[in-house]
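Just below is one structure, and these are the notes that go with it.
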Amino acid sequence: MNVLVIGQGGREHALCWKLRQSPLLKRLYCAPGNPGTKPLAEPVDIEATDLQGLVRFAVDQKIDLTVVGPEAPLCAGIVDVFAQHKKLCFGPNKAAAEIEGSKAFARELCRRHRIPGPGFWIYEDVAQARSFLDNRPDGPIVVKASGLAAGKGVTVCKNNAEAQVAVAECLERRRFGDAGNQVVFEEFLEGQEVSLITLTDGRTIVPFDPARDHKAVGDGDKGPNTGGMGVITPVGVLPRIATQIESQIVFPTVHAMNRENRRYQGFLYTGLMLTPQGPRVLEYNCRLGDPETQPLLMRLQSDLLPLLLAAAEGKLEEQQAPVWDKRVAVCVVACSEGYPGDYKKGVPIFGIDRVQQGPDLQVFHAGTSQRLGGDLLTAGGRVLAVTALGVDAAAARAKAYAALQQIEFAGMHYRRDIGLRA
Ligand code: AMP
Ligand code: GLY
């Protein structure tokens, strides 16, 4: 089969790395890809958001399956565009991808179908939003831009004063552009967080092993939120809770989408808070998580390609359940100085060649570029995702952090506590 992967981050590097191992694969392309995907997949110089360019390429190159990494093309309707050209594209269509594209839609979906989540209030008008805050008892609250904001649109506020600042950033200073046309206030929930990624064709669901992301930039979950600083998988979830997550959240969500004529095919990512009252939906994503994908795919022993193909064709029922490596995987993300705020690009990266990579240790490229001469440079906020397998969390952590010590670039920072609580 000829396969096209769309995107250019660590998630897409891991997808290419895993798909490359499939005996069903003939040619593999990545648009636009990055220096890490280059040895695995032929680079295609088309941006992930150029839907017409991508479908033309897929038709010309006889691509059998296109696998979309990021949310932007999915929310823009890439699956619909490919379908118009009779090309198979794995992922939710535009109507289904709205589950991530609009947090307001996702919250109202949960309310309509009694899927457990925090209490919420939605506002477009800044005066009304301010007055909502003025009229509630002071205390913690979460403020979210409703649209796509690369994981940075959420502010967990300790009190109403902080929430007023977040509202001003979103509705007045327009920090997130049109993605901030609406704010969603959410009741602040406490508990352990878990990410659950499920593969579905709209009928059958195949849950992947649970993972734990570390969203805040600093150790001990301090500082602003990022796209994700590191992940450990699996995380122990009691069987009773796992059953609740499936029966009260994942199945009802897929059914709810069907009932609203938004059949969901692709990866459904549910960010969950395990509260004393039971699991609650924090967010939905219409795709694989980044960096959750990197450690998950290193633990996936089954061939990924037939699973994706079956989901895209609506035949997931015929597939065997995926087999997971019993070991623990830890992924630590090395970031540019300043991230998640402003950061410089083009800083030389040294030492990746000193790392002994193999099936148990991979340095996935998240935001890198390569000069003509060959020098590797930083090209994003999240630069590298170092991912290791070990018999337990301590062993996986030790391997990932030892590899990180071989690597350097000016201003590099990463969390030291990924997977530490496990
Ligand atoms: P999201 O992108 O919506 O998952 O939000 C990013 C992070 O903010 C989550 O991983 C949580 O740590 C935190 N968060 C989001 N919503 C809530 C909530 N309602 N209560 C408490 N924390 C939240
Ligand atoms: N790591 C969280 C996300 O991909 O949204």
Side-chain angles (χ1 to χ4, degrees), residues 7 9-12 14-15 68-72 74-75 97 99-107 110 116-122 139-158 162-163 166 170 176 179 183-197 208 210-218 220-233 267-277 279-297 331-333 335 340 364 366 381-382 385 387 415 418:
R11 167 183 48 210
E12 290 76 24
L15 276 167
V68 187
E71 60 277 16
L74 292 167
C75 292
I99 202 162
E100 174 168 4
S102 167
K103 288 187 193 284
F105 166 77
R107 281 291 167 234
C110 288
F120 67 91
W121 304 266
I122 299 168
I141 186 158
V142 182
V143 182
K144 301 185 175 183
S146 179
L148 296 181
K152 296 170 205 157
V154 174
T155 318
V156 179
C157 303
K158 285 199 279 301
E162 281 186 22
C170 184
F176 310 107
V183 288
V184 181
F185 292 111
E186 287 178 11
E187 173 197 355
F188 172 76
L189 299 178
E190 279 176 287
Q192 294 260 37
E193 274 188 71
V194 173
S195 314
L196 187 73
I197 294 170
F208 278 19
R212 176 160 298 132
D213 192 6
H214 298 63
K215 289 225 167 82
V217 70
D221 295 330
K222 298 281 189 307
N225 272 340
T226 67
M229 295 294 290
V231 165
I232 182 166
T233 177
F267 284 115
L268 176 66
Y269 171 123
T270 39
L272 302 162
M273 189 72 90
L274 307 182
T275 76
Q277 289 75 38
R280 300 283 183 267
V281 177
L282 287 183
E283 66 162 343
Y284 292 110
N285 292 324
C286 64
R287 50 171 173 86
L288 284 170
D290 188 340
E292 286 87 341
T293 305
Q294 290 85 316
L296 279 168
L297 293 187
C331 168
V332 183
V333 179
C335 301
F364 293 113
R382 295 190 292 171
T387 312
R415 278 181 66 158
I418 304 301

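It should be emphasised that the depicted structure is a prediction, and the values quoted were computed from it without experimental measurement. Each ligand, and each atom within it, is numbered from 1 in the order the structure gives. All values below were derived from every heavy atom in this structure, side-chain atoms included, with hydrogens, water molecules and symmetry-related copies excluded. Along the sequence shown, the residues carry numbers beginning at 1.
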Would the distance check show the side chain of Asp213 and the main-chain N or O of Gly228 forming a donor-acceptor pair, the cut-off being under 3.5 Å? no
Has His214 got a side-chain atom pairing as donor or acceptor with Met229's backbone, closer than 3.5 angstrom? no
So, taking the atom named [atom1] in [X] and the one named [atom2] in [Y], what distance separates them when rounded to the nearest 0.5 Å?
X	Y	atom1	atom2	value
Phe364	Arg382	CZ	CZ	14.0 Å
Arg280	Glu193	CZ	CD	14.5 Å
Leu296	Cys331	CG	SG	10.0 Å
Arg11	Asp290	CZ	CG	5.0 Å

Among all protein heavy atoms, pick out the one at the shortest distance from [atom]; state its residue, atom name and that distance to 0.1 Å.
atom	answer
atom 17 (C) of ligand 1	Leu282 CD2, 3.5 Å
atom 5 (O) of ligand 2	Arg287 NH2, 2.9 Å
atom 6 (C) of ligand 1	Asn225 ND2, 3.6 Å
atom 2 (O) of ligand 1	Glu283 OE1, 3.2 Å
atom 22 (N) of ligand 1	Met273 CE, 3.9 Å
atom 12 (O) of ligand 1	Glu193 OE2, 2.5 Å
atom 3 (O) of ligand 1	Lys144 NZ, 2.9 Å

Would Leu189 count as being in polar contact with ligand 1, using the rule that some N or O on each side must be under 3.5 angstrom apart? yes
Using a 4.0 Å cutoff against the non-hydrogen atoms of [X], which atoms of ligand 2 qualify?
X	result
Gly289	4 (O)
Asp213	1 (N), 2 (C)
Glu292	1 (N), 2 (C), 4 (O)

For Gly227 and ligand 2, does the shortest N/O to N/O distance drop below 3.5 Å? yes
Polar proximity ligand 2 side, Tyr269 side, N/O cut 3.5 Å exclusive: no
Numbered atoms of ligand 1 (with element) below 4.0 Å of [X], judged on heavy atoms:
X	result
Val156	8 (O), 13 (C)
Val154	1 (P), 2 (O), 3 (O), 5 (O), 6 (C), 8 (O)
Glu187	18 (C), 19 (N), 20 (N)

Answer whether the closest heavy-atom distance between the side chains of Leu282 and Val142 falls below 4.5 Å. no
What closest approach, in Å, do [X] and [Y] show between heavy atoms, and which atom pair accounts for it?
X	Y	answer
Lys222	Ala216	O-CB, 3.6 Å
Ile197	Leu288	CG2-CD2, 3.8 Å
Arg107	Val184	CG-CG1, 4.3 Å
Cys75	Leu148	SG-CD1, 3.9 Å

If we only consider heavy atoms of Lys103, is any one of them less than 4.0 Å away from an atom in ligand 1? yes
Taking 4.0 Å as the limit for heavy-atom contacts, which would you say applies to Asn285 with ligand 2: side chain only, backbone only, both, or neither? side chain
Checking side chain to side chain contact (heavy atoms under 4.5 Å, CB included) for the pair Ile141/Phe188: CA distance, chi angles, key distance, verdict? CA-CA 5 Å; Ile141 186 158; Phe188 172 76; 5.7 Å; no
Applying a strict 4.0 Å limit to heavy atoms, is Arg11 in contact with ligand 2? no
